[in-house]
There are 2 protein chains.
Amino acid sequence: MPTARERVRAELTSEITDAARRQLAEVGAAALSLRAVAREVGMVSSAVYRYFPSRDDLLTRLIIDGYDALGAAAEAADDPAAPPRRRWLAVCRAVRGWALAHPHEYALLYGSPVPGYSAPRDTVPAAARVAVVLGRILGDAARAGDLPAGTGERDPALVSDEALAVLGGDHPAIDEDVRVRALLAWSALYGTISFELFGHFTGSVEDGDRYFDRAMTDLAGLIGLRAR
Amino acid sequence: MPTARERVRAELTSEITDAARRQLAEVGAAALSLRAVAREVGMVSSAVYRYFPSRDDLLTRLIIDGYDALGAAAEAADDPAAPPRRRWLAVCRAVRGWALAHPHEYALLYGSPVPGYSAPRDTVPAAARVAVVLGRILGDAARAGDLPAGTGERDPALVSDEALAVLGGDHPAIDEDVRVRALLAWSALYGTISFELFGHFTGSVEDGDRYFDRAMTDLAGLIGLRAR
DNA sequence: TCGCAGACGAGAGCACCGCTCTCGCCATCC
DNA sequence: GGATGGCGAGAGCGGTGCTCTCGTCTGCGA
């Protein structure tokens, strides 16, 4: 059982991350100031360094939390009983909805990397949650016969085994071609959301909701997900 | 004709932007410091404010220059005599090549927006150059009969007239459906490049060059560009 | 041709930043 | 009960963007 000291330490740590998350949502990652976070929790700035060795470590904590929140939103939106094309669309909508609700957090996750280009390894499992959801949809669709049959051919140096395993599990009926197109659709999903959020669609896309649905439906077709 | 004072002013202005571009390439936009730029050109920091009213204005200048350089690369890679699918692939490769050669500049253009969310209006024409190239390929393909025939139906509130005009010109044979899918392919191109550059493909895509070619070919198929 | 407005560079200064170090305080463990 | 070590506060360092003032010198109009 944790001692009193450990308990208050954990409590203060989460109090700091909460304040940091609030500031991130307000001013964005670039303007997030460790000193301002310290002020908000009633500490002097140097005291925060007892809990986070640097501002970048605090940001890393926020990144992991962000991936987890986004992954949870995607998982909650997936109804395994629904037809695969509808599941794909629902998850895409959930990802976009989360991004629109948390633009600065999304930018922290999928915009320019903030700390000197080194994405910490700890973020990987949390970041994979959305991909795992999409992969499960693919696998279920293959089991139900809602994916085009493949030739079973494999290009061993193109995509890693782990990624292929995530994108549809070990179901042998899914062609590598389909899995690679799923990878493309996955990044296209984020390309679409990023363009909308970062303003590259201003002046061209007028109805964001309907354009997004159409684009994601086209992507479902590209993967080969049958409408059923 | 310009006076001596105007000449030296223009010269110093470009000297500042050159130094800023060098620093951008080295440390990235987030760490770009106006004072360091001033040091590099042998000025005191306050003197730079005679030329750029703020650090963000200096960044805006770099953004416009970046869009222009990227647009020029795309235009140079387009051979109007080649078959449309090959043209599409060549332009995509040129965009990716420029991004890999100038990662920080690309991040400045297509990553998280740096100044408080307000993309200056001046950047729009420069930013559109790549889209114009892709649109010209679409228009030429339609003229040559390399695009599927459309029904001519139109959804007036979905995408702006200007964007539709860019994506294939006034050629009536291009369906709105095709133009919307071209918009999707355009953002998917940037989604793919961003994922590669920002590290979201580490652990999954192993051969970046070949994956990119395959993805862009799939996108050409999505648009409907015939191989010929 | 002369004089003055205005452009210009330098310097000091303000408020803020990330981060380090030292110094008392107090809970915890031997 | 005393030593240890975690903790918060404070001062301080070098850096940042930006503002203001003050001499200087250029170039245009009278």
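Only heavy atoms go into these numbers, but all of them, side chains included; no hydrogens, no water, no symmetry mates.
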Inset, instruction - Describe, in one word, how the ring planes of Tyr110(A) and His200(B) are oriented to each other, choosing from parallel (under 30°), tilted (30 to 60°) and perpendicular (over 60°). - result: tilted
Legend entry - Whole-Å distance separating the CZ atom of Arg55(A) from the C1' atom of dT20(C): 18 Å
Inset, instruction - Would you please confirm or rule out a distance under 4.0 Å between OP1 or OP2 of dA9(D) and any side-chain N or O of Arg39(A)? - result: no
Legend entry - Protein-nucleotide distance (Arg7(A), atom CZ; dT28(C), atom P), rounded to Å: 10 Å
Inset, instruction - Indicate whether OP1 or OP2 belonging to dT28(C) is found under 4.0 Å from a side-chain N or O atom of Thr3(A). - result: no
Inset, instruction - Specify whether Phe201(B) and Tyr211(B) have parallel, tilted or perpendicular ring planes, treating 30° as the upper limit for parallel and 60° as the lower limit for perpendicular. - result: perpendicular
Inset, instruction - Take the protein atom CG of Leu32(A) and the nucleotide atom P of dC16(C), then report the distance between them rounded to whole Å. - result: 16 Å
Inset, instruction - Would you mind telling me which of dG9(C), dT16(D), dC19(C) lies closest to the side-chain atoms of Leu34(A)? - result: dC19(C)
Legend entry - Sidechain N-carboxylate O distance under 4.0 Å for Glu196(B), Arg96(B): yes
Inset, instruction - Using distance alone, with no hydrogens and no angle criterion, decide if Tyr106(A) and Ser194(A) have a side-chain donor and acceptor under 3.5 Å apart. - result: yes
Inset, instruction - Would you indicate whether Arg7(A), at its atom CZ, is surrounded by more than 12 heavy atoms from other residues, nucleotides or ligands within a distance under 6.0 Å? - result: no
Legend entry - Side chains of Ser54(A) and Asp57(A), donor plus acceptor under 3.5 Å: yes
Legend entry - Within residues 40-53 of chain A, residues whose heavy atoms come under 4.0 Å of DNA chain C: Ser45(A), Ser46(A), Tyr49(A)
Legend entry - Base dG18(C) paired with Arg35(A) side chain (donor-acceptor, <3.5 Å): yes
Inset, instruction - Mind calculating the distance between CG (Leu12(B)) and P (dC8(C)) to the nearest angstrom? - result: 9 Å
Inset, instruction - May I ask you to evaluate whether Arg9(A) reaches the phosphate of dC7(D), defined as a side-chain N or O under 4.0 Å from OP1 or OP2? - result: yes
Legend entry - Glu15(A) CD to dC7(D) P, straight-line distance once rounded to whole Å: 15 Å
Legend entry - Arg86(B) atom CZ, neighbour heavy-atom count above 12 within 6.0 Å: no
Legend entry - Rounded distance (Å) that lies between atom P of dC17(C) and atom CG of Asp56(A): 16 Å
Legend entry - Proximal nucleotide (of dG27(D), dG12(D), dC26(C)) relative to the Arg5(A) side chain: dC26(C)
